[in-house]
Amino acid sequence: MVILSLVLLLLSVQWSWALEDPLLPFSEHLDPEHKVQLKWGFDEIQGTILFELTVSTSGWVGFGFSPKGGMTGADIVIGGVGAKGSYFTDHHAQGNSMPVVDKQQNYKLLSLTESDGKTVIKFQRSISSCDENDLPITDLPMKLIYAYGQTDDITYHSAQRGTKELNLLKYMPRVNPPNSNFFDITMVNFTVPAKQTYYHCKIMKAPTFDHKRHIYRIEPVITNFDLVHHLLLYRCPPSVTEPFEAECYTGVDGECMETVAVWGVGGGAFEFPEVAGLPIGGNVSDFFYRLEVHYNNPNKTAGRVDNSGLRFYYTSELRQHDAAVLMTGLALAPWYAIPPKAKSFLTYGMYSADDWMILCSVCESDTSGGKQIDLLAVDENYDFEYQEVTNLGKTKTVKLGDKLLVECTYNTEIRNKLTWGGLSTSDEMCLAFLFYYPALSLSACVSFPDVTSLQSAMGATDAGTWLNMMSTKTWNDTSINQYQQTLNRIDQYVWVMNSNNNGSYNKGTFPDLKVIPSAPCMSGSATKSLALPSLLLCLAVQGASF
């Protein structure tokens with residue numbers, strides 16, 4: 001069964017830095033008067049979260065996490081700049097009184113300044129709880145508390161306090177820019193065939209605008225949640241000039257392959273950060289778009305009518321950068337076989353960014369001496385029914401020379417036959433759709449094993465011999481591992497396509513990958529520094545079987 005997982009990331013290329021700190025992509029005012037602003041970013045791989053708190057005061061500042069929104073049981077830091085210099089300490093509150101200083105200081109101060117009547121504190125901590133006096137940061141909404149004084153004499157805060165609930169790790173901004181509106185691209189009264197798997201495509205024009213607009217929010221419009229598995233919107237090349245509607249990949253629709261948006265089952269809306277938006281109108285107003293909907297109809301029910309698609313919110317207030325989407329990973333093509341009886345079989349899609357900038361799930365950088373430098377996104381608790389779009393947590397930058405890989409892990413222990421790559425619900429796929437900026441004329445970069453090299457390495461003289469060998473092989477831990485190692489060491493074809501479906505290919509091999517350990521819990525004596533930024537947002541799609 002095809003499993004689709006979505007992760008939203010936003011990437012920036014090395015020459016285009018946003019004015020904002022790329023490690024702090026999220027921002028919220030905690031108070032109605034906008035005197036208390038919190039910025040943050042996180043790294044779930046390293047297990048750390050970074051905060052910057054700006055408060056309109058020259059006195060002390062307190063910030064923390066509360067179980068119920070009050071002082072009791074709260075995990076609090078207090079800092080400021082006094083007559084004797086800066087101060088910053090980790091506390092816990094036992095009631096409505098002065099918080100107690102923790103014996104173990106698990107927050108790491110990075111900077112603390114005071115000027116023009118504002119105090120700015122930047123600090124880092126572990127996402128998990130380091131001791132009994134620290135509250136773990138979860139992927140559920142948490143109650144944040146704050147307080148401050150006008151002097152550095154830490155006394156009762158009076159009315160200068162407040163509480164705000166935020167989901168720090170699953171944050172999705174919601175803005176209402178001026179001059180905004182929306183349009184829908186959907187199926188119209190389409191009768192879903194009585195087939196287990198069916199892909200339907202509709203080519204149409206989007207609304208036209210004399211001047212460029214920026215799409216800042218995309219949300220699903222789903223009329224049959226039990227039938228619609230995932231959908232994609234592609235921009236067509238100039239050669240496509242007429243509307244079209246039919247089963248996918250049966251006509252001109254196959255020419256439209258520049259991804260604009262993606263949605264998967266269980267997902268919701270997502271919104272771009274304020275530095276970037278998807279362009280529409282202006283010089284792209286004459287393009288056609290292809291809506292592709294995958295209907296999963298296991299009961300083969302007949303007569304169901306569907307009007308699903310996507311809603312796009314746009315504004316004439318242009319943002320700093322045009323964003324774009326890149327499809328990368330393992331090419332969806334015949335001849336990729338996943339063996340049965342596998343506890344953990346890995347597949348990879350690769351790209352070497354020698355001429356283009358892109359991103360994915362695992363990153364190795366030639367600019368770092370051939371060392372693996374980062375994991376961009378990991379989902380080890382995959383849920384087929386809940387494939388929400390989530391933020392990466394901080395900005396990443398992809399550099400020329402970087403090697404980027406998408407890895408998918410498959411468990412096929414209950415299967416007795418080979419599983420093939422393909423579009424059907426009985427097939428598998430391993431792709432990542434990545435949002436990045438600034439936009440380039442780049443639509444896809446995928447790789448696929450050199451089939452001739454694979455057949456030769458396994459001792460087959462032709463395709464028929466290889467297919468017979470694969471279908472009759474006794475699959476066990478030893479043979480599965482041998483096949484895995486063979487796939488990993490042979491040459492891989494890498495295809496790069498631009499927005500007009502023109503491109504090129506070359507060959508490469510997979511680098512050796514290593515597990516990157518998580519950072520230890522923060523403490524007062526911690527010396528581990530933050531990793532240099534490399535990305536801001538990306539949308540990833542991966543497959544896995546069970």
Side-chain angles (χ1 to χ4, degrees), residues 1-3 196-197 199 248-250 254 257 327-352 360-362 403 405-432 444-497 503-513 541-546:
M1 172 178 286
V2 172
I3 298 180
Q196 180 177 345
T197 295
Y199 282 75
C248 294
Y249 308 108
T250 60
M257 295 302 296
M327 181 178 74
T328 187
L330 180 66
L332 203 60
W335 301 95
Y336 196 94
I338 301 170
K341 308 301 180 183
K343 298 182 180 68
S344 179
F345 187 81
L346 304 179
T347 68
Y348 297 100
M350 180 186 69
Y351 178 64
S352 295
C360 69
S361 295
V362 181
K403 290 186 176 71
L405 286 88
V406 178
E407 175 188 280
C408 295
T409 304
Y410 296 88
N411 182 306
T412 59
E413 288 181 287
I414 65 172
R415 294 196 174 185
N416 296 313
K417 297 181 179 180
L418 295 170
T419 301
W420 295 94
L423 292 170
S424 170
T425 52
S426 60
D427 299 331
E428 285 298 348
M429 61 179 66
C430 180
L431 294 170
C445 178
V446 293
S447 70
F448 198 79
D450 181 345
V451 176
T452 302
S453 296
L454 177 61
Q455 293 170 4
S456 177
M458 295 182 68
T461 56
D462 54 51
T465 304
W466 181 78
L467 285 172
N468 183 66
M469 178 187 299
M470 293 290 288
S471 60
T472 59
K473 182 182 287 289
T474 299
W475 291 104
N476 52 38
D477 290 346
T478 300
S479 58
I480 291 170
N481 183 63
Q482 290 173 344
Y483 177 57
Q484 176 88 80
Q485 295 304 315
T486 301
L487 277 173
N488 289 354
R489 74 170 183 266
I490 64 172
D491 286 339
Q492 309 291 316
Y493 282 107
V494 182
W495 288 271
V496 180
M497 304 296 295
S504 62
Y505 76 89
N506 52 44
K507 285 187 177 182
T509 56
F510 292 137
D512 292 329
L513 300 176
V541 179
Q542 66 183 32
S545 72
F546 54 86

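Numbers here simply count residues along the sequence, with the first being 1. Here the structure is a predicted model, which means the values were calculated and not measured.
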task: Would you sort out whether Y336 and F448 count as a side chain to side chain contact (heavy atoms under 4.5 Å, CB included), showing the intermediate values?
output: CA-CA 8 Å; Y336 196 94; F448 198 79; 3.7 Å; yes

Approximate separation, where rounding is to 0.5 Å, of [X] [atom1] and [Y] [atom2]:
X	Y	atom1	atom2	value
T474	K341	OG1	NZ	11.5 Å
N468	D462	CG	CG	10.0 Å
N481	T486	CG	OG1	9.0 Å
R489	T509	CZ	OG1	12.5 Å
L332	M327	CG	CE	8.0 Å

message: Would you call the rings of Y505 and W495 parallel, tilted or perpendicular, taking 30° and 60° as the class edges?
response: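 Y505 vs W495 ring planes: tilted.
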
Looking only at atom types and distance, does a side-chain atom of [X] sit under 3.5 Å from a main-chain N or O of [Y], one as donor and one as acceptor?
X	Y	answer
Q455	G464	no
T465	T461	no
S471	L467	yes

Can you give me the closest heavy-atom contact between [X] and [Y], atom names plus distance?
X	Y	value
G349	S447	CA-OG, 3.4 Å
Y483	P339	CE2-CD, 3.8 Å
D450	I490	O-CD1, 3.8 Å
L418	P340	CD2-CD, 3.9 Å

- prompt: Does a side-chain N-to-carboxylate-O contact under 4.0 Å join D477 and K343?
  reply: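 Counted as a salt bridge, because a side-chain N and a carboxylate O are separated by less than 4.0 Å.
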
Please examine the side chains of [Y] and [X], heavy atoms only from C-beta on, and report whether any two atoms are closer than 4.5 Å.
X	Y	value
C445	V494	yes
Q484	L346	yes
M350	Q492	yes
L330	V446	no
M257	M497	no
M470	W475	yes
W420	E428	no

task: Please test S479 against N476 for side-chain hydrogen bond (donor to acceptor under 3.5 Å, both in side chains), starting from the C-alpha separation and ending with a verdict.
output: CA-CA 5 Å; S479 58; N476 52 38; 3.2 Å; yes

query: Does the gap between the ring centers of Y410 and F345 come in under 6.0 Å?
result: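 Ring centres of F345 and Y410 not closer than 6.0 Å.
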
task: Evaluate the side chain to side chain contact (heavy atoms under 4.5 Å, CB included) criterion for residues D427 and T419: first the C-alpha distance (whole Å), next the side-chain angles of each, then the deciding distance (0.1 Å), finally the verdict.
output: CA-CA 6 Å; D427 299 331; T419 301; 5.7 Å; no

